[in-house]
> 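Dropping a structure here in C-alpha cells format, bear with me for questions.
The basis for the numbers below is simple: all heavy atoms, side chains too, and nothing from hydrogens, waters or symmetry mates. Count residues from 1 along the sequence.
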Amino acid sequence: DLQTELRVERRFLFPSKSRKIIKHFTDVHGLPCIEKIVSSVEDTPEPIGTDITGSIPVWIRGSFLRNGPGKFEIGNQKFNHWFDGMALLHQFKIAEGRVTYKSRFLSSDSFTANKEHNRIVVSEFGTITMPDPCKNFFQRFLSRFELPKPTDNANVSFVTYKGDYYVSTETNIMHKVDPETLKTTKKVDWSKFIAVNGATAHPHTEPDGTTYNMGNSYGAKGASYNIIKVPPTKATAEDTLEGVSVLCSIPSSDKSKPSYYHSFAMSENYVVFIEQPIKMDLLKIVTGKLRGKSISDSFLWDPTLNTIFHLIHKQTGTVSAVKYLAKPLSTLHQINAYEEDGFLVLDMCASDDGEAINNYNVQNLRKSGEALDEVYNTLCRVFPRRFVLPLNVDQETPYGRNLNPKGSATSVRFAKNKVFCTHEDLHGEDLSEYGGLEFPQINYTKYNTRPYRYFYGCGFRHLVGDSLIKMDLSGKRMKVWEEPGLYPSEPVFVPSPNATEEDDGVIMSVVITPNKDKSTFLLVLDAKTFAELGRAAVPVNIPYGFHGTFSHCPDMNV
C-alpha cells in the first residue's frame, strides 16, 4: 500500500544512524592515567641547567631539538585534539658532558591571534573556531560560509632545507627558526613558490642536500599528489624555497577524496608514495565551518579499498606504469627503502586499521580507569613490516607466481600492470608484549636508501610510547629500555665520531613522566648495547612531543 511505500522511501532517503560497531584489538586493563603529560606548560626561553646522573659522552656537541604541542587551552576554550596544541620548541644544548634546556612557544600567526583575543580564533585539525561573539548575528551567520584559514601552528617536527632549520606541520606554512635562540625568523609559504596546498613534515634529504617532499593540490579536475624537489643550496643568503619544483603530479584515485599521508619513502632512484585507504572528504572539509565540524571530522577509513604503492623515478619524474597493491593498511611513518637485485625493499610501521587518528583527542588522552582502557583497546597496534616490489615487470613477467625469491613477503603479478604484495613481519612474537612499535628511526645519514640492519622506535603499551626498542633485522632480535611510569618519546640516533659500524653512536630520547616525584629528563643510551649512559633531569614540566632532530655543532659550549 501507499503507506508502506512511503515508509520504505523514507528509510531509503533518510536511513537511521545505526550505532557504529566498536572493534577491540586488545584486552588491556589498569592503564595508569597520563593526563599530566598532555597538559599546558609555560615556556622557558632562557637556558636552565640540568641535573646529570651517569655521564653524557663528551664527544656529543650540539643541540637536540624537539617539537610538539605545549598549550591546550586559550582563555576558557580548549583544543579538542592532541595535534591542535600550540607549538612548543625545545632545545637541549649538549657539550663537554653538560646539558642546558630551553623552550619557546612558536611565534605563529595562530598563537599570536589566539593570545590577542584570549580565545581560539584559528581552526586546527580537530578544533573548529566559533564565530566571534562580538560580531552581530548577520556577520556571525556569514562567517560560517568562509573557508577555514590554514593554520601555521607548526608543531610536528624540525626539518632542514638548504641548510636552514624550519618547523613544520602539514599545511602550506612553515617557519624558519634559529636553532640557537629558538626564535622564529621567517614565515615561508609553499604556495608562493609552487601550486601546492601543503607539504608533509617528513621530507627526505640526499647526501648532497637535495630534498624531496610531497604536497596536495586541488583543481578543476580534482585532487593530485605532487612530488616536490628542493635544490640543495641557496643562491643568496635570504633564499628559502627558491628553485623548488614539482617533479610530477599523480591524480588521486578518487578525485574528491584524496588519501591522507603523513610521510613517504625514498630509495636511491625512487620516491615511493603510499596511497592508503584513509580518505579526506574535500566536500566535508569545504563545508566544515558551515556544519560546525573540524577537519578531523572529514577523515574516513575505507577498508574496502586496497593500498596502492606508486613509484616515481627521481631523475625523470616518470611515474611507474606498474601499480603495486596491498590489502588495506594504515601507515604514518616509514623506516627505510632501498633497491637490491631488481627489487625495491620498503619497510614501514603499519597497522590493519585506520581509525586511530581521530581517537587521539585530548579528552581521550586525559581519561583514567576503565574509560582509558577502552580507548587503548579500540586502537589497532602498529608493527614494522617489509614489502618487496619487483622493479622489472614487463610483458615477459609471469602471472600468478611469487616474484620475490627472498624472505616471506610476496609479489604476484595478477594483471597487465598490477602486482599484489603481501608483507613480511620485521619482528618476532616478543614485540607484541611491548604493544608494537612506532616513531621509527635509523642511522639516517649513512643508511637511508641503503641496505641496513638496525632501527629504533617506541613500544606502545599505552596511548603514548612507554619503552624504547632497538630492532636487529639479523634474526629479528630486540633490545629494550623501559622503566615503570616513564614515557620516552621518539629515539634519535647520533653517530659517534669516526664510527665504523652502523650502530656506533648514541640514542637520545626525552622521557616524560606524569608522576610528581620524578622529573622529565634527556636520556642517552649506548646505541650498540642499549645500556643507559646518562640522563639530564630538567626542573620544569615538558609535555609529550612528536618529532626531533640533532643539530651537530663541534664548536658548541654550554
> Walk me through it: do Asn443 and Tyr447 pass the test side-chain hydrogen bond (donor to acceptor under 3.5 Å, both in side chains)?
CA-CA 6 Å; Asn443 180 345; Tyr447 288 88; 5.7 Å; no
> Do Leu325 and Val419 come within less than 4.5 Å of each other through their side chains, counting heavy atoms only?
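Answer no - side chains too far apart.
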> Under a 4.0 Å N-O cut-off, is there an ion pair linking Lys367 with Glu35?
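No, no charged N to carboxylate O under 4.0 Å.
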> Return yes if a side-chain donor-acceptor contact under 3.5 Å exists between Glu370 and His29, otherwise no.
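No, no side-chain donor-acceptor pair sits under 3.5 Å.
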> Give the C-alpha distance, both sets of side-chain angles, the deciding distance and a yes or no for side-chain hydrogen bond (donor to acceptor under 3.5 Å, both in side chains) between Ser103 and Asp43.
CA-CA 5 Å; Ser103 65; Asp43 59 359; 5.8 Å; no
> Any luck finding a side-chain donor-acceptor pair between Tyr454 and Glu501 under 3.5 Å?
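No pair is found: no donor N or O on one side chain lies under 3.5 Å from an acceptor on the other.
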> Have Asp302 and Thr304 got a donor and an acceptor in their side chains that come within less than 3.5 Å?
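Thr304 and Asp302 do have a side-chain donor-acceptor pair below 3.5 Å.
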> I want to know whether Phe273 and Tyr225 have ring centres closer than 6.0 Å.
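Yes, close enough.
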> Check the side chains of His175 and Asp152 for a donor-acceptor pair under 3.5 angstrom, ignoring hydrogens and angles.
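The criterion, which ignores hydrogens and geometry beyond distance, is satisfied for His175 and Asp152.
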> Is there a donor-acceptor contact under 3.5 Å linking the side chains of Glu73 and Ser40?
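Indeed, the side chains of Glu73 and Ser40 share at least one donor-acceptor pair under 3.5 Å.
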> For Thr378 and Lys23, which I'm curious about, is there any donor-acceptor pair between the side chains at under 3.5 Å?
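No, no side-chain donor-acceptor pair sits under 3.5 Å.
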> Run the salt-bridge test on Lys476 and Glu429 with the 4.0 Å N-O cut-off and return the result as yes or no.
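Salt bridge between Lys476 and Glu429, a charged N being under 4.0 Å from a carboxylate O: no.
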> Just say parallel, tilted or perpendicular for the rings of His202 and His333, cut-offs at 30° and 60°.
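Geometry flag for His333 against His202: perpendicular rings.
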> Heavy atoms only: give me the nearest Ile74-Arg119 pair and the separation to one decimal.
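Scanning both residues completely, I find the closest heavy atoms to be CG2-N, 3.4 Å.
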> Do Arg450's NZ or CZ and the ring of Tyr338 fall within the cation-pi criteria of under 6.0 Å and 45°?
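No, Arg450 does not lie over the aromatic ring of Tyr338.
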> Does a donor on one side chain sit under 3.5 Å from an acceptor on the other, for Gln276 and Thr307?
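No - no donor-acceptor pair under 3.5 Å links their side chains.
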> Return yes if a side-chain donor-acceptor contact under 3.5 Å exists between Tyr434 and His427, otherwise no.
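Result is no, nothing qualifies.
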> Let me see the working for Ser108 and Asn153 under side-chain hydrogen bond (donor to acceptor under 3.5 Å, both in side chains), right down to the final yes or no.
CA-CA 6 Å; Ser108 63; Asn153 176 35; 4.7 Å; no
> For residues Ser253 and Glu275, is any side-chain donor paired with an opposing acceptor at under 3.5 Å?
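Yes.
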> Any side-chain heavy-atom pair from Asn216 and Pro258 closer than 4.5 angstrom?
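Yes, at least one pair of side-chain atoms sits under 4.5 Å.
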> Check whether the ring centres of Tyr166 and Phe158 lie less than 6.0 Å apart, and answer yes or no.
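Distance test on ring centres: not under 6.0 Å, no.
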> May I ask you to check whether Tyr324 and His310 place their ring centers less than 6.0 Å from one another?
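Centroid distance Tyr324-His310: not below 6.0 Å, so no.
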> Return the minimal non-hydrogen interatomic distance between Phe460 and Tyr376, and the atom names on each side.
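Minimum heavy-atom contact is O-OH, 2.8 Å.
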> Would you please name every residue forming a ring-ring contact (aromatic ring centres under 6.0 Å, His included) with Tyr360, sequence neighbours left out?
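For Tyr360 the ring-ring contact (aromatic ring centres under 6.0 Å, His included) partners, ignoring immediate neighbours, are Trp82.
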> Let's go through Phe264 and His204 carefully: what are the C-alpha distance in whole Å and the side-chain angles of both, what is the deciding distance for ring pair (Phe, Tyr, Trp, His ring centres under 6.0 Å) to 0.1 Å, and is it a yes or a no?
CA-CA 8 Å; Phe264 61 99; His204 276 291; 5.1 Å; yes
> Do you see a donor-acceptor pair shorter than 3.5 Å between the side chains of Ser298 and Asp281?
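Note: Ser298 and Asp281 side chains miss the donor-acceptor criterion.
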> Do Arg366 and Phe72 form a cation-pi contact, if we require the NZ or CZ to be under 6.0 Å from the six-membered ring centre and within 45 degrees of the ring's axis?
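Arg366 over Phe72 ring: yes.
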> So, are Asp347 and Arg385 salt-bridged, with charged N and O less than 4.0 Å apart?
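The answer is no: the pair does not qualify as a salt bridge.
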> Tell me yes or no: between the side chains of Ser157 and Ser168, is some donor less than 3.5 Å from an acceptor?
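Judged by distance alone, the side chains do not pair up.
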> Please evaluate residues Thr151 and Ser110 with respect to the criterion side-chain hydrogen bond (donor to acceptor under 3.5 Å, both in side chains), reporting the C-alpha separation (whole Å), side-chain torsions for both, the decisive distance (0.1 Å), and the verdict.
CA-CA 6 Å; Thr151 180; Ser110 302; 3.1 Å; yes
> Among Lys470, Lys446, Arg453, which residue satisfies the salt bridge (Lys or Arg N to Asp or Glu O under 4.0 Å) criterion with Asp503?
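In the set Lys470, Lys446, Arg453, the residue that makes a salt bridge (Lys or Arg N to Asp or Glu O under 4.0 Å) with Asp503 is Lys470.
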> Just wondering, more than 12 heavy atoms not from Gln363 lying within 6.0 Å of its CD?
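Open.
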> Roughly how far, to the nearest 0.5 Å, is CG of Leu88 from OG1 of Thr44?
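The OG1 atom of Thr44 sits 8.0 Å away from the CG atom of Leu88.
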> Decide salt bridge (charged side-chain N to carboxylate O under 4.0 Å, His left out) for Lys528 and Asp504; before the verdict, give the C-alpha distance in whole Å, the side-chain angles of both, and the deciding distance to 0.1 Å.
CA-CA 6 Å; Lys528 196 176 281 292; Asp504 276 353; 3.3 Å; yes
> Do Asn404 and Thr410 get their side chains close enough for a donor-acceptor pair, meaning under 3.5 Å?
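The criterion, which ignores hydrogens and geometry beyond distance, is not satisfied for Thr410 and Asn404.
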> Going by the rule ring-ring contact (aromatic ring centres under 6.0 Å, His included), which residues pair with Phe83 if we only count those two or more places apart in sequence or in a different chain?
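Counting only residues at least two positions away or on another chain, Phe83 forms a ring-ring contact (aromatic ring centres under 6.0 Å, His included) with His81, Phe125, Phe546.
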> Please confirm whether the ring centroid of Tyr544 lies under 6.0 Å from the ring centroid of Tyr487.
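No, they do not, as the ring centres are separated by 6.0 Å or more.
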> Quick one about Ser296 and Ser294 (side-chain donor to acceptor, distance below 3.5 Å, no hydrogens or angles considered), yes or no?
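There is such a pair between these side chains.
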> Taking 4.0 angstrom as the limit, do Glu433 and Arg461 come out as a salt bridge?
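Between Arg461 and Glu433 there is no salt bridge, as every charged N stays at least 4.0 Å from the carboxylate O atoms.
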